[in-house]
Amino acid sequence: MSTNLAGFCRKAKKAGALEAKVIPAESVVTANWVRYKCQYGCDGYGACLTCPPHSPTPEQTAKIVAEYKTGILLHGSEHVNLTRIAAELEREIFLSGYYRAIAFGSGPCRFCDQCNLHEGCRHPALARPSMESAGVDVFQTARNNGFTIEVATCHESKADYFALILVE
Ligand code: SF4
């Protein structure tokens, strides 16, 4: 079945990802400081159902990651909605027989102008917590898998976006 995953990487690139790579799940790093960064310093904290405190904690995510052997890491730019690509690919991978496929997106949810915080998600098929909102150290995870990622120091800096699909 693992040979099929290369095909899903090609699909991700066709959908707009810059790169997509099959990775070992054990290379995904979770850390408690990631949650602190969300809570103190990000104006998106509490603003949508895919962000803390609604998203999985680093501890929960670490336990989830430990249940998988493989993932697909997607790299994208600000020109594509990488969360949409990951969620749509999650569905395709699931339908191909990998019934445990789950996706983590990138950045704050962009599917609504304002989140439907009190009545539930309007787009459950597409909305996914970002890697970082679920406590993943995106920098270390990307570097562990050969991707280049640097801190964007100003609004004009090129930013790198990553999304993840765990596959089993
Ligand atoms: S899709 Fe809309 S309702 Fe659902 S988490 Fe995103 S912003 Fe909130």
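In listed order, ligands and their atoms are each counted from 1. Heavy-atom basis, side chains included; hydrogens, waters and symmetry copies ignored.
- Under 4.0 Å from ligand 1, heavy atoms of C115 appear from its side chain as well as its backbone.
- Between the S133 side chain and the P52 main chain, no donor and acceptor come within less than 3.5 Å of each other.
- Taking CD of Q60 as the reference point, atom CD1 of I64 lies at 6.5 Å (rounded to 0.5 Å).
- Nearest protein heavy-atom contact of atom 6 (Fe) of ligand 1 is C109 SG, 2.3 Å.
- When every heavy atom of L49 is checked against every heavy atom of C121, the shortest pair comes out as CD1-N, 3.5 Å.
- Atom 3 (S) of ligand 1 has its closest protein heavy atom at R122 N, 3.4 Å.
- Residue C112 counts as close to atom 2 (Fe) of ligand 1, with an N, O or S atom under 2.8 Å.
- For atom 4 (Fe) of ligand 1, the nearest protein heavy atom (residue, atom name, distance) is C121 SG, 2.3 Å.
- A donor-acceptor pair under 3.5 Å is absent between the side-chain atoms of R35 and the main chain of A31, judged by distance alone.
- Between R128 and E90, at least one side-chain N (NZ, or NE/NH1/NH2) sits under 4.0 Å from a carboxylate O, which counts as a salt bridge.
- Short contacts between ligand 1 and F111, defined as distances under 4.0 Å to a heavy atom of the residue, involve ligand atoms 1 (S).
- Using cut-offs of 30° and 60° on the angle between ring planes, the pair F8 and Y98 is perpendicular.
- Here C48 fails the criterion, with no N, O or S atom under 2.8 Å of atom 6 (Fe) of ligand 1.
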